[in-house]
Amino acid sequence: MSKGKSITLLSIISVLVAFLLVMTFIRFPIGVKNYNSVLGAINLDYDVEGGTAYNLTLASDNEEEVEDINEIIDTLEYRLDALGYSLYSVKAVKSTAEGVKDYDIRVETKSTDTLSSDIGVVAAHGEVKLYGGTSANPTTEILEDVDAIKDSQYLGSVSDGETTYYQVSISFTDDGYDALHELIHAASESEEGSTSYYLEIKLGETVLLSGSNAISESDFTNKTLNVYLSSEAGAKQMALQIRTGGLAYKYDISDPMEISSPYGDNVATKAVIVIGAVVAIIMIAFVLMFKGLGLIGALSMILFILGETLMLIAVPGLVVSMGGIVGILLSTVITAIGCVYLLNNIKIEFMNSEKTVLAAVKKGFKDALIPTINGGVVAGIISVLLVAFTSGLAKGFAITFGIGVAVGLITNLLFTRMFSALILPLASDKEKFLNLKRAVK
Amino acid sequence: MSCGLFKKIKIFFIIALVLLVAGFTMFGVFGFNQPIDYKSSYEVQVSVDQKAGNTTTVLKDAADEYFSETGIKVLNYATQSIDDGMVVIYKFNSNVTEDVAGLKEYIQAKLDAESNVSNVSADVVVNESIGNNSSSIGKLLIALGIAVALIFVYSLIMNKLAGAVSVIFASVLSGVMFVAIVALTRIPAAPFFAFSCALSIIVSSVLSVVLTSKYKVFVKNYDKMPSSEIIETVYNKSLRNYIFVGGIVLVSALALCAFMLPYAMFAGAQVLVAGLCGISSAIFATPFMWSLIKKSK
């Protein structure tokens with residue numbers, strides 16, 4: 001590549017990178033509004049930016065004495081998992097004052113639009129009961145002596161073109177289905193003429209499945225009734241409550257309280273500073289160790305951190321927790337390690353052969369290709385499996401680490417090569433610039 | 001195998017054996033050390049019923065001063081903001097009910113002394129707390145077990161049997177060394193244990209895969225070179241890389257400690273241990289197993 005072309009391309013890339021750096025990290029006012037930067041758009045989890053807490057206190061009209069508080073904690077944690085909360089804290093607290101024997105429960109998690117109703121669902125009290133009859137919103141309890149419902153699952157969204165619905169499947173046991181089938185059949189064969197049958201499912205006083213629409217035998221497939229709701233949160237809540245029922249004990253739910261991060265103050269700001277400092281140290285170490293070659297590596301690291309940051313908002317639904325922050329930091333480390341391996345390869349290739357600088361650089365990249373991909377694949381396998389099998393901090397770590405490893409692979413295989421092709425034509429003495437030496441014979 | 005590298009490998013395995021025995025004994029007797037939020041503990045809730053003026057700042061400062069003057073060690077704290085006030089929750093290992101007997105009066109006196117607030121009431125409640133007790137160790141072991149199997153198959157395809165066995169041996173050794181060292185040094189395990197353990201395996205397997213790829217290149221290009229000479233040559237050529245990797249891991253661990261937050265420091269300590277286990281396993285266990293298998297053929 002000619003010198004002029006290199007300078008032109010480097011200038012264009014520099015302007016582009018500078019623009020992206022400003023848009024990623026700097027906040028500034030635009031007219032009456034504020035631009036909050038890409039960093040400001042990253043969704044943070046409750047352990048980084050704080051969230052909302054609710055206190056659950058045993059109601060004065062609670063009838064049963066709490067036997068095992070750990071079982072309640074486990075149940076609440078299971079339900080929060082089922083509703084999609086990846087990070088939360090559920091603690092039982094009891095005053096040390098004399099005479100206090102009941103535990104309160106404190107639930108802390110990320111603030112969401114549906115948190116208030118979700119907590120209501122998680123802490124709901126009572127049993128799931130079925131009501132049926134030939135008029136809408138029936139009040140007659142049915143199937144009291146039968147264990148009627150086997151399972152209830154949220155199946156996802158379905159669309160009829162214009163409107164999106166959220167599907168819940170309610171599976172009945174054999175006995176439950178047979179008994180319900182008899183009731184529906186009886187209604188359709190009644191002496192007064194064929195009448196519709198209405199089914200309502202309630203948890204305590206809360207209506208889970210509204211009895212305003214009639215059901216028939218054709219609504220069932222393999223003893224499963226599919227129901228369609230207009231809100232995703234509502235569908236998930238219904239599926240959970242029908243499946244697990246209510247708590248055996250009645251709790252009053254406090255008003256929401258805003259809480260700070262359990263890890264301390266300004267966690268997000270400190271994370272940005274620390275990761276920035278680590279990247280700066282890596283870049284300085286590159287230049288000190290490898291001189292001109294290190295400059296190529298350092299420039300690639302800038303693109304890596306830009307790419308990683310942009311991916312944090314590009315991946316839908318990604319929420320960054322403390323585990324995610326550690327994942328970003330460690331994927332930066334792994335990328336730096338890969339870059340060092342690559343640059344060292346070039347040095348060793350030049351040292352041990354009679355090749356020209358450009359030929360050594362080309363061979364060095366070629367020889368490093370397979371080991372770099374190998375390392376990326378291994379790290380990727382572990383990340384994918386951690387995402388699939390774990391939850392909470394470990395999952396958060398695996399997601400950002402996996403994204404970082406992928407971006408790092410592209411950085412090391414593509415951007416480093418690009419910068420070497422652009423920068424080398426500018427150096428009059430390439431050996432001196434790249435600090436390459438032949439082996440002493 | 002040459003004397004220099006062989007000696008180092010011998011020392012590594014002796015140290016690893018001592019750490020494994022000591023660490024797993026400690027684990028068997030005491031289990032892991034858990035931080036305050038993940039075990040039964042005590043908390044002191046100090047609260048005010050107003051947000052006017054600098055009430056909330058006075059509340060926290062007064063409580064911090066009291067604990068400092070009376071020598072009570074606070075392990076962590078969190079704040080809760082309510083519509084008509086604020087609660088600060090301080091966390092302790094032991095029951096401090098008697099130690100904080102004068103806290104309420106102390107805070108109230110400080111609040112009363114503030115000229116820009118009036119009729120502010122402070123309250124102090126000491127609670128016993130049962131922490132988060134859910135554990136994901138089972139799922140972690142499943143994920144890592146499947147990962148090790150898949151990595152073995154991948155290494156088998158890329159680097160043949162010697163390479164694959166070496167990678168798996170080094171990765172598993174790294175993982176168990178990490179567990180042993182965390183148990184021995186009493187670094188708080190939760191909540192970062194899962195991914196730190198995964199990290200030790202990741203570092204070890206990535207470095208081992210790269211190492212065995214290099215061995216494969218040497219075997220291909222210098223088929224008469226003995227395996228001991230191959231691993232010695234690769235070790236000498238890669239030493240600078242290992243030092244750099246170790247340095248970067250240390251910088252990352254220090255970076256986490258630079259948060260100056262307890263949990264970040266736990267994460268930093270675990271990252272350092274995980275990194276060192278991964279690097280040392282890759283440097284010493286991989287060539288040992290690789291040359292062993294090559295010689296047995």
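All chains are named by letter (A, B, ...) in the order of the sequence lines, taking the proteins before the strands, and each is independently numbered beginning at 1. Because the structure is a prediction, the values reported are computed rather than measured.
- Side-chain atoms of A:Val274 and B:Leu256, non-hydrogen and from C-beta on, never get closer than 4.5 Å to each other.
- Residue B:Ser81 touches chain A through both its backbone and its side chain, counting heavy-atom pairs closer than 4.5 Å.
- In summary, the aromatic rings of B:Phe244 and A:Tyr341 are positioned with their centroids too far apart to meet the 6.0 Å limit.
- Comparing A:Ile348, A:Val278, A:Val333, A:Ile281 by how many heavy-atom pairs each has under 4.5 Å with chain B, the most go to A:Val333.
- Nearest heavy-atom pair, A:Ala394 versus B:Ala194, reported as atom, atom and distance to 0.1 Å: CB-CB, 3.7 Å.
- In this structure, CD1 on A:Ile282 lies 6.5 Å from OG on B:Ser252, to the nearest 0.5 angstrom.
- For A:Asn344, the part lying near chain B is the side chain, with the backbone staying farther off; criterion is any non-hydrogen pair under 4.5 Å.
- Here B:Pro191 is the residue among B:Ser171, B:Gly268, B:Pro191 with the most heavy-atom pairs under 4.5 Å with chain A.
- A:Tyr103 approaches B:Glu128 most closely through the heavy-atom pair OH-OE2, 3.2 Å.
- Note: B:Ile151 leads B:Leu207, B:Ile151, B:Asn95 in heavy-atom pairs under 4.5 Å with chain A.
- Counting heavy atoms from C-beta on, the side chains of A:Arg106 and B:Glu43 come closer than 4.5 Å.
- Each of B:Val217, B:Asn76, B:Thr79 has some count of heavy-atom pairs under 4.5 Å with chain A, and the biggest count is that of B:Thr79.
- Side-chain contact between A:Asn70 and B:Ile130: present, with at least one pair of heavy atoms (C-beta onward) separated by less than 4.5 Å.
- When heavy atoms are compared at a cutoff of 4.5 Å, B:Lys91 approaches chain A solely by way of its side chain, counted from C-beta outward.
- B:Leu211 does not touch chain A: none of its heavy atoms, backbone or side chain, sits under 4.5 Å away.
- Proximity to chain A (any heavy atom under 4.5 Å) is shown, for B:Val167, by neither the backbone nor the side chain.
- The nearest pair of heavy atoms linking A:Ile259 to B:Gln80 is CG2-CG, 3.1 Å.
- Closest non-hydrogen pair, B:Val210 versus A:Pro371, comes out as CG2-O, 3.8 Å.
- Among A:Lys94, A:Met289, A:Met257, the residue making the largest number of heavy-atom pairs under 4.5 Å with chain B is A:Lys94.
- For chain B, the nearby part of A:Ile370 is the side chain; its heavy atoms alone come within less than 4.5 Å.
- Most heavy-atom pairs under 4.5 Å with chain A, from the set B:Leu254, B:Val249, B:Ile248, B:Val271: that is B:Ile248.
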**Item:** side-chain contact (heavy atoms from CB on, under 4.5 Å) evaluation trace for B:Leu150 with A:Val378
**Value:** CA-CA 9 Å; B:Leu150 287 174; A:Val378 165; over 6 Å; no
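- A:Lys91 is listed as a side-chain neighbour of B:Asp37, based on a closest heavy-atom distance under 4.5 Å.
- Nearest heavy atom pair, residue B:Ala198 against residue A:Ile382, reads CB-CG2, 4.4 Å.
- Interface remark: B:Val126 contributes backbone and side-chain atoms alike to the contact with chain A (heavy atom separation under 4.5 Å).
- Note on ring orientation: taking the six-membered ring where Trp is involved, the planes of B:Phe195 and A:Phe397 are parallel (angle under 30°, cut-offs 30° and 60°).
- Of the two parts of B:Ser205, the backbone and the side chain both hold a non-hydrogen atom closer than 4.5 Å to a non-hydrogen atom of chain A.
- In this structure, the portion of B:Leu144 lying under 4.5 Å from any heavy atom of chain A is its side chain and not its backbone.
- When side chains are defined from C-beta on, A:Val377 does not count as touching B:Met158, because their heavy atoms never get closer than 4.5 Å.
- Summarising the geometry, atom CD1 belonging to A:Ile105 is positioned 12.0 Å from atom OG belonging to B:Ser129; distances are rounded to the nearest 0.5 Å.
- Heavy-atom contacts from other residues, nucleotides or ligands closer than 6.0 Å to NZ of A:Lys366 number 12 or fewer.
- A:Ile381 has its side chain out of reach of B:Ile146: every pair of non-hydrogen atoms, C-beta onward, lies at least 4.5 Å apart.
- Per-residue counts of heavy-atom pairs under 4.5 Å with chain A were compared for B:Phe193, B:Tyr263, B:Tyr77; the largest is that of B:Tyr263.
- Using a 4.5 Å cut-off between heavy atoms, A:Ala271 contacts chain B through both its backbone and its side chain.
- At a 4.5 Å heavy-atom cutoff, the contact between A:Ala53 and chain B is made by side-chain atoms alone.
- Nearest heavy atoms, A:Ser95 versus B:Asn127: CA-OD1, 3.2 Å.
- With a 6.0 Å radius and a threshold of 12 heavy atoms from other residues, nucleotides or ligands, A:Glu49 has its CD atom above the threshold.
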